[in-house]
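Below is one structure, written out as structure tokens; the observations come after it.
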Amino acid sequence: LKYYITKKVDSLKTKGLGSLSEQDIALLNTPVLKTLKQDLKPKFAQALTANKSDYLELEFPRSDNAKFVALYGFDELFEMANDNVDAIMITNTTDSNMAFEIPAAIGRFKSADSIFFGNFISSLPDEIRECENLSFLSLPNNKNLTTLPWDAINSLPNLGFLNLDNTPNLEYPDDFNNYWNQGDFP
């Protein structure tokens with residue numbers, strides 16, 4: 001067993017972020033390999049497109065950005081992302097039911113004009129209100145999403161499109177339809 005673990009650790013040290021399998025990520029997330037995971041973080045961070053682009057995209061489980069999140073979390077990814085991100089697209093392309101909480105750091109993307117979180121989230125923080133340029137917010141197929149920060153969403157001055165398709169467990173405020181039916185949203 002010790003021989004196998006040594007070989008596996010040696011293998012992980014030579015892999016790039018893009019070549020990590022789901023099993024590799026699960027192994028790196030064990031307490032036994034905590035130090036190795038932290039040692040590999042700078043190397044894996046170099047592979048991110050998040051810090052090089054105005055477009056932040058994650059496709060679970062395939063993209064390098066998604067693998068980084070699986071290892072280190074959204075806070076770390078958002079911290080490394082370009083301040084001037086104008087579009088964020090995060091999707092789960094698998095049949096698995098994911099339920100990530102979007103961190104408060106989403107608010108630092110003040111230039112973002114469109115955000116798409118598909119089949120992926122369980123919550124959205126109040127700090128979404130800080131994305132003051134946001135005109136497009138799409139949250140489809142999020143079966144674990146039960147509530148949203150409605151006051152924050154209502155305060156977005158440029159929001160013109162809100163997609164909540166196939167979010168069956170989402171609770172809506174009593175006056176939600178009034179906004180949409182009268183064209184006064186937000």
Side-chain angles (χ1 to χ4, degrees), residues 17 20-31 34 37 41 44 48-50 55-81 85-110 112-156 159 161-177 179-180 185-186:
L17 184 60
L20 291 177
S21 68
E22 289 183 45
Q23 292 80 12
D24 293 337
I25 292 169
L27 187 59
L28 283 167
N29 280 327
T30 62
K34 181 179 181 180
K37 179 173 126 175
K41 187 175 176 182
F44 291 160
L48 297 180
T49 58
Y55 180 64
L56 179 57
E57 181 178 15
L58 285 86
E59 182 184 331
F60 278 94
R62 292 184 274 250
S63 72
D64 287 354
N65 289 343
K67 290 177 181 184
F68 188 86
V69 168
L71 288 167
Y72 305 104
F74 271 108
D75 283 321
E76 293 284 336
L77 180 73
F78 284 177
E79 186 176 304
M80 292 180 182
V85 165
D86 58 18
I88 301 170
M89 182 173 175
I90 302 175
T91 58
N92 169 18
T93 59
T94 70
D95 291 333
S96 66
N97 194 11
M98 291 189 175
F100 282 91
E101 293 182 9
I102 300 300
I106 190 81
R108 73 180 280 259
F109 302 117
K110 299 188 185 329
D113 64 10
S114 61
I115 294 177
F116 179 94
F117 295 142
N119 190 22
F120 173 77
I121 66 170
S122 63
S123 70
L124 193 65
D126 285 334
E127 286 77 6
I128 193 73
R129 81 175 65 242
E130 296 170 24
C131 299
E132 50 203 34
N133 286 333
L134 197 61
S135 61
F136 178 94
L137 179 59
S138 186
L139 308 171
N141 305 315
N142 288 294
K143 293 172 180 49
N144 293 307
L145 188 61
T146 59
T147 187
L148 285 172
W150 294 109
D151 289 341
I153 290 171
N154 289 341
S155 73
L156 293 166
L159 189 64
F161 180 86
L162 178 63
N163 175 8
L164 301 170
D165 287 348
N166 199 21
T167 54
N169 299 312
L170 185 62
E171 296 177 18
Y172 294 87
D174 292 337
D175 58 354
F176 178 79
N177 286 332
Y179 285 115
W180 283 102
F185 191 84

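Starting from 1, each residue takes its place in the sequence as its number.
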With sequence neighbours excluded, what pairs up with Ser63 under the side-chain contact (heavy atoms from CB on, under 4.5 Å) test? Leu58, Glu59, Asn65, Ala66
Can you check whether Leu148 reaches Leu170 side chain to side chain, under 4.5 Å on heavy atoms? yes
Judged by atom type as modelled, is there a donor-acceptor pair below 3.5 Å linking the side chain of Ser135 to the main-chain atoms of Asp113? yes
Glu127: salt bridge (Lys or Arg N to Asp or Glu O under 4.0 Å) partners, not counting sequence neighbours: none
Less than 6.0 angstrom separating the ring centers of Phe74 and Phe120, yes or no? yes
Using every non-hydrogen atom in the two residues, find where Gly107 and Cys131 come nearest and quote the distance to one decimal. CA-SG, 4.3 Å
Under 4.5 Å between any side-chain heavy atoms of Pro125 and Ile102, yes or no? yes
Would you say Lys110's side chain and Glu132's backbone share a donor-acceptor pair under 3.5 angstrom? no
So, using side-chain contact (heavy atoms from CB on, under 4.5 Å) as the criterion, who are the partners of Asn163 when residues are at least two apart? Ser138, Pro140, Phe161, Asp165
Reported CG-to-CG distance for the pair Leu145 and Asn119, which is rounded to 0.5 angstrom: 11.5 Å
So, the side chain of Asn142 versus the backbone of Thr167: is there a donor-acceptor pair under 3.5 Å, distance only? no
Find the distance between CD1 (Ile25) and CG (Leu20) and round it off to the nearest 0.5 Å. 5.5 Å
Using the rule given for ring pair (Phe, Tyr, Trp, His ring centres under 6.0 Å), can you reason through Phe117 versus Phe100, listing the C-alpha separation, both sets of side-chain angles and the distance that settles it, and then say yes or no? CA-CA 10 Å; Phe117 295 142; Phe100 282 91; over 10 Å; no
Evaluate Leu48 against Leu77 for side-chain contact (heavy atoms from CB on, under 4.5 Å), listing each step before the verdict. CA-CA 9 Å; Leu48 297 180; Leu77 180 73; 3.9 Å; yes
Can you check whether Phe44 reaches Lys67 side chain to side chain, under 4.5 Å on heavy atoms? no
Would you compute the distance between atom CG of Leu156 and atom CG of Leu137 and round it to the nearest 0.5 angstrom? 7.5 Å
For Ser96, is there any backbone N or O sitting under 3.5 Å from a side-chain donor or acceptor partner on Thr94? yes
With Lys143, which residues qualify under salt bridge (Lys or Arg N to Asp or Glu O under 4.0 Å), at least two apart? none
Does NZ or CZ of Lys37 come closer than 6.0 Å to the centre of the six-membered ring of Tyr72, within 45° of the ring's axis? yes
Given side chains that start at C-beta, do those of Ile128 and Phe109 come closer than 4.5 Å, heavy atoms only? no
Report yes if some heavy atom in the side chain of Ser123 is under 4.5 Å from a heavy atom in the side chain of Thr147; otherwise report no. no
Flag the pair Arg108 and Glu130 as a salt bridge only when some basic side-chain nitrogen lies within less than 4.0 angstrom of an acidic carboxylate oxygen. no
Candidate pair Ile90 and Phe60, rule side-chain contact (heavy atoms from CB on, under 4.5 Å), full reasoning: CA-CA 8 Å; Ile90 302 175; Phe60 278 94; 4.1 Å; yes
Tell me every residue that passes salt bridge (Lys or Arg N to Asp or Glu O under 4.0 Å) with Lys34, counting only those two or more places apart in sequence or in another chain. none
Assess whether side-chain contact (heavy atoms from CB on, under 4.5 Å) is satisfied between Thr93 and Arg62, documenting all intermediate values. CA-CA 9 Å; Thr93 59; Arg62 292 184 274 250; 3.1 Å; yes
Sequence neighbours excluded, which residues qualify as ring-ring contact (aromatic ring centres under 6.0 Å, His included) partners of Tyr172? Trp150, Phe176
Look at the side chain of Asp24 and the backbone N and O of Ser21, then say whether any donor-acceptor pair between them is shorter than 3.5 Å. yes
Under 3.5 Å, is there a donor-acceptor pair between the side chain of Thr91 and the main chain of Gly118? no
Looking at every non-hydrogen atom in both residues, tell me the closest pair between Met89 and Tyr55 and how far apart they are. SD-OH, 3.3 Å
Rounded to the nearest 0.5 Å, what separates atom CG in Leu56 from atom CD1 in Ile88? 5.5 Å
Spacing of CG belonging to Asn144 relative to CD1 belonging to Ile121, to within rounding of 0.5 Å: 10.0 Å
Centres of the Phe116 and Phe136 rings: under 6.0 Å? no
Would you say the side chains of Asn166 and Asn141 form a donor-acceptor pair under 3.5 Å? yes
Short side-chain to backbone donor-acceptor contact, Asn29 and Ala70, under 3.5 Å: yes
